[in-house]
Amino acid sequence: MPHILIVEDEPAIAETLVYACQEAGLQTTHHQLGSDAISAIETGLFDMVILDVGLPDITGFDVCKQIRMSSDIPVLFLTARSHEIDRIVGLEIGADDYVTKPFSPREVVARIKAILRRMEPSHPQPQLTFKLDADGTRIQYRDNWLQLTRYEFGLLKTLMQHPTRIYSRAQLMDLVWSDAEDTLERTVDAHIKTLRAKLKAIDMNCEAVVTHRGMGYSLLK
Ligand code: CA
């Protein structure tokens with residue numbers, strides 16, 4: 001049974017997470033302080049960490065940096081503020097995914113399971129047929145340079161970074177649109193639709209860009 005360390009100082013949120021994880025067949029341990037979490041992770045008993053950014057003693061970012069000095073354990077961040085997202089998705093933190101508060105416990109559990117699936121050593125590596133050129137300005141699919149609009153390009157480039165990760169519409173808006181606040185979630189759907197049509201035009205059987213109902217999109221299953 002995978003063992004999840006939950007690091008969250010708000011009791012109600014922690015309880016919700018513990019309950020949702022246990023319902024999903026996951027073992028949990030809960031800590032309120034970042035320093036306790038760091039000591040706990042050193043025991044090597046855990047398969048994954050759910051880490052709140054705003055903790056009473058040190059920030060979740062500092063906890064993550066400390067963990068990363070000695071461990072590759074997956075980290076799923078919980079964040080209440082959209083400006084924190086930029087730091088989480090920035091590579092220097094070394095997070096695997098994030099969820100913004102308020103969240104649905106079901107979404108958190110789905111993300112935990114997706115991360116745990118990616119960790120399984122037997123999991124076959126997906127066949128990547130997308131290639132970004134050296135300048136990072138064009139994407140090739142089956143030897144064809146794709147003619148993409150700015151947003152189609154941004155979406156595909158983002159999805160390519162972690163091909164099996166599920167990105168919610170809100171996450172894609174944050175990552176691809178510079179003016180996310182004015183962007184509607186259905187705008188993401190519209191650009192995904194045209195992106196898919198362009199991929200299908202090259203290969204009718206192209207199954208790339210997978211819809212996960214109620215959650216979002218991933219490049220590959
Ligand atoms: Ca907090």
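When a ligand or atom number is given, it counts from 1 through the structure's own listing order.
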Enquirer: Should the pair R68-D96 be classified as a salt bridge under the 4.0 Å nitrogen-to-oxygen rule?
Expert: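 Yes, this pair counts.
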Enquirer: Have a look around the Ca ion (ligand 1) and list protein N/O/S atoms under 3.0 Å, or say none.
Expert: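 N, O, S partners closer than 3.0 Å: D9 OD1, D52 OD2, G54 O.
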Enquirer: With no hydrogens and no angle check, do the side chains of R165 and T158 hold a donor and an acceptor under 3.5 Å apart?
Expert: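 Result is no, nothing qualifies.
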Enquirer: Is it true that atom NZ of K113 has more than 12 heavy atoms of other residues, nucleotides or ligands lying nearer than 6.0 Å?
Expert: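 No.
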Enquirer: Could you check whether Y141 and F130 have their ring centres less than 6.0 Å apart?
Expert: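 Yes: the rings meet the under 6.0 Å criterion.
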Enquirer: Compare every heavy atom of V109 with every heavy atom of A24, then report the nearest pair and how far apart it is.
Expert: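 For A24 and V109, the tightest heavy-atom pair comes out as CB-CG1, 3.6 Å.
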Enquirer: Where is the tightest heavy-atom contact between N205 and D203, given as atom of each residue plus distance?
Expert: N-OD1, 2.8 Å
